[in-house]
Amino acid sequence: MRFGLVVGIIWAGMIVANAAAAERYAQAAAAYDGKQYAEARALYEHLLHEGLRAPELYFNLANTYYRIGDFGQAILHYMNAFYFAPRDPDIRHNLKYVLHEADAVAPAIAWTAHIFRLANRSEWTALATLFWWLTAMHTLFVCRPNQRRLCKLSMIIAAALLVFCLAGIQHWRQWRSQPMIVVTSAGQEALFAPLADATAHFAMPQGSIARVDASLDGWYRIRVNKKDGWIRQSDVTRVAPWTP
Amino acid sequence: MNWKTVILNHDKPIAAAGMRPDVIPATRKAACLAACFFVLALNVGALSVRMTLNPDTLRMGESANLVISVEGVDRGPAPALPEVPGLRISGPAVEQSVSMSLVNGRMQQERTLNYRYTIVPLQSGEYEIGPFRYTHKNETVTIPAKVMRVVASADGSGQDGEPISLSDLVFAEITVDKERVFVHQPFTLTIAVYSRNLNLGRNVSLMNMPESGIQTQPFQEGGTTREVVRNEVYDVRRYQTEIRPLTAGTIRFEPKLRIQVMVPRRRQRRDPFFDDSIFQGLFSNMDAQPFDVTVTPVDVVVRSLPETDRPDSFTGGVGQFQFEAHIRETEAQPGDPLTLTFVIEGKGNLDAVSAPAVSESDRFRVYPPRMTHSDLDQAGQRGRKVFEQIVIPRTAESREVPPIAFSYFDPDTGYYHTITRGPLPLNLREGDPASQRVVRADGVGPDHQARIVGQDIRYLKPAPARWQRVDDTPWFATRGFLAAQIIPLLMGLAVILVARRRHVLDADVARARRYRAPRSARPGLQRAVKALRHNDVDEFYTGIWAAISTYFGDRLNLPPGAITAGEVIPAMREHGLDEENRDLLESVFTACEQNRFSRAGSDPDTMQALLEQTKRLLKNCVRLPS
């Protein structure tokens, strides 16, 4: 009885909190429609500040930043949205469009990464779990002489798919170990050394995306299309996931 | 934990009297023993609690130590001190001290728990702390009251000799430079902390500030000044910040300030080694006591920007801005991209200002403007933003870029202002017709295909069905999920073990038969039990024979024709069959053979006994090593 009451209170609290978030979300969309982009941005960021996360929220905030003309922040939030919903065609389109508009640099994507980006980490984990259990189930039948050949074949297929799904998980785990960053300050360059007066190596316009190789005293060593360089951490922002 | 060792040498008078401790007269021994028991009884039975207050007279701004010592216990509940209006009592810090003593050659320990409280007076006057009760293990002790006298600080009391409180010595005020502002119009919030005759710490914590609807910059500390308030001279520290409201409404500022009042540290007891003025001078001799100061709330009314007279070119700028627009190339051909540069600078919500833009028309194809340079101060309130927009003239008739308007709202005047730049002249010449065709080619194509007339980002997405929280643990990282993934692993291991065992048994027939021997004897025994129930003698002996023949056949890997007592008994003796079981085995075999060949009748009791013997025999044989 008491447990049910507590669950009910928590459930009711969640409904009220969701309703408040939905109302603020609608206000932000109305402000966007009315071309009040500053207000829309403040409302979307307020939702983020409250600890809410959703690819739709990042997408709309990115659109708002694009309308304001801040392409760096726009690309950053499209990338955040992409991390959570990599198959979403709207996110892919807008990200590609704004990258083109901003003349930003982005790392080339390998064909394997294209495949791994067909599902997010959570979906790869669900598939891997399914194939893990299927592989295990096959071991129960593989010892039966009359089904051995068929079982072996399907077990090998399930195990191969499991390995593939694990590679998909690893792809997204890499976003945590070697995070992606977006240049959010205008007119940046990657330098040859983590020193303010080092020689510039290549340009990193606002909105450019790179992968972090290492960090050192307020600098990131980044890698873009087989080129290495150092950039100040204060001029870039890390893409999701943020927690180590 | 303080350990203090006190050694009391009670043997000394005895030695001085020329006696050895081991030759003490019996009467004195008995007296000593009785005294010890008496002391022990006192220690165990009575709860002893002392309360000390040091100092009991102090000035405002000083603190006192109150120590409650509970003797003879290892642990116990902290005394619940009654609240005394006008005093702030913090603590307790718990210390344990152990004193060790040598009594009559025996080491004795006495433990004391000290509960140390710090008392800071908030008002001058005379206070009585206690009396109150302390209970430990069903024993209750009443602790008598202590009286503490607090006098005003060195320069005297409040006006007209009234008692002075800490809130008279330290208070704070909050002010804003504007009480009615528009959305995005910044205003300055100042917090002033007034203090006199007090030593305040550097750290001031600000709590209970509004958490949403405003954008706040870090507080800047101004210098310390002096002001006269109610004929008293106060030191005043000011903290300022600039706040920008983001949504309309009334914002109430009623922060709570936590300041640190530095009070001289009181030593509980003098340290014979380090109680030195040099060390006291080297190390801090002050304690920081937190003190919360509430301030009178201030409301700021935030108004929405007026809807009336809002120009179409308004892009959200609130403040005072300058706007310039120019074109980089003026000589071009139709189809050539031209770069328009817009510069917005000034004071206001520059970080949120977006660029004006030339609209798509029959004469120009346009790309959205983008920010190319931003030079803003930390608050994003002052500075300069540069945008660029690419426009492509479609025809040579485009003689000028149409006027570009930038509108902003000036909160000081309460009106919208529009700055218009242009038209910007162009010198377009007729160029290669092919390039014109490229520009005009947009949307030209077979009739059944959609005409693409522009490019833009896709529109907003609806609200998500389910909001995720940043601190939610993903389902795949929960303990339950991770633990469940061990199950397939265990299943796989079990299957491997079973398969391996089966493989071994397939390769070794004797071992396989030995392994299944107890199981193979079961049907025969069940058959015998059933036959016994129906008094079927033949069937009974057939069952018994089946049980022992299959068991020993499998156990010893014998062919069916070789299962006789003459074969089985020597083989089983090699496995350690003792004499008693050997006789049993022989008798079971004999009984079966007699009945099978001679058809001698059997009464149920004999059959029941034979069944029990067979069961016991098989059970004993199973226990024998293979």
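A quick note: this is a predicted structure, and the numbers were derived from the prediction, not measured. Worth knowing before you read on, the calculation uses all heavy atoms, side chains too, and leaves out hydrogens, waters and symmetry mates. So you know, we letter chains A, B, ... as the sequences are listed, proteins then strands, and number each from 1.
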Top contributor to chain B interface from A:Ala38, A:Ala54, A:Ala74, A:Pro205 [non-hydrogen pairs under 4.5 Å] | A:Ala38
Quick one: what part of B:Leu489 sits under 4.5 Å from any heavy atom of chain A, side chain, backbone, both or neither?
-> both
Non-hydrogen atoms of chain A under 4.5 Å away: do they reach the side chain of B:Asp456, the backbone, both or neither?
-> both
Correct closest heavy-atom pair for B:His184 and A:Glu39 would be NE2-N, 4.4 Å
Interatomic distance, CH2@B:Trp475 vs OG1@A:Thr129, rounded to 0.5 Å, equals 4.5 Å
For A:Val98 and B:Ile457, the nearest pair of non-hydrogen atoms, with its separation, is CG2-CG2, 3.8 Å
With chain B, the option among A:Lys35, A:His49, A:His46, A:Glu50 that has the most non-hydrogen atom pairs under 4.5 Å is A:His46
Chain B interface, residue from A:Gly51, A:Ala26, A:Gly69, A:Ala29 that has the most non-hydrogen pairs under 4.5 Å = A:Gly51
Which atoms of B:Val183 come close to chain A, meaning under 4.5 Å heavy atom to heavy atom: side chain ones, backbone ones, both, or neither?
-> neither
What are the two closest non-hydrogen atoms of B:Leu460 and A:Asn60, and how far apart are they?
-> CA-OD1, 3.4 Å
Of all heavy-atom pairs linking B:His373 and A:Ala186, the shortest is CA-CB, 4.2 Å
With chain B, which of A:Ala62, A:Gly187, A:Ala102 has the greatest number of heavy-atom pairs at distances under 4.5 Å?
-> A:Ala102
Atom CD of B:Gln468 and atom CG of A:Leu52: how far apart are they, to the nearest 0.5 Å?
-> 10.0 Å
Atom of B:Pro369, atom of A:Phe71 and distance for their closest heavy-atom approach | O-CZ, 3.5 Å
Top contributor to chain B contacts, counting heavy-atom pairs under 4.5 Å, from A:Glu101, A:Arg121, A:Gln206, A:Arg41 = A:Glu101
Verdict with reasoning, B:Lys461 to A:Asp88, per salt bridge (Lys or Arg N to Asp or Glu O under 4.0 Å) | CA-CA 11 Å; B:Lys461 283 185 176 294; A:Asp88 188 296; 2.9 Å; yes
Which bit of A:Ala126 comes within less than 4.5 Å of chain B, counting heavy atoms only: side chain, backbone, both or neither?
-> both
To the nearest 0.5 angstrom, please state how far the NE2 atom of A:His100 sits from the OH atom of B:Tyr367.
-> 6.0 Å
Heavy atoms only, distances under 4.5 angstrom: which of B:Met491, B:Arg458, B:Lys385, B:Met371 has the most pairs with chain A? Name it, please.
-> B:Arg458
Interface moiety of B:Tyr459 toward chain A, non-hydrogen atoms closer than 4.5 Å | both
Taking the six-membered ring where the residue is Trp, are the ring centres of B:Trp467 and A:Tyr25 under 6.0 Å apart?
-> yes
Smallest heavy-atom separation, A:Trp132 atom then B:Gln485 atom, equals NE1-O, 3.0 Å
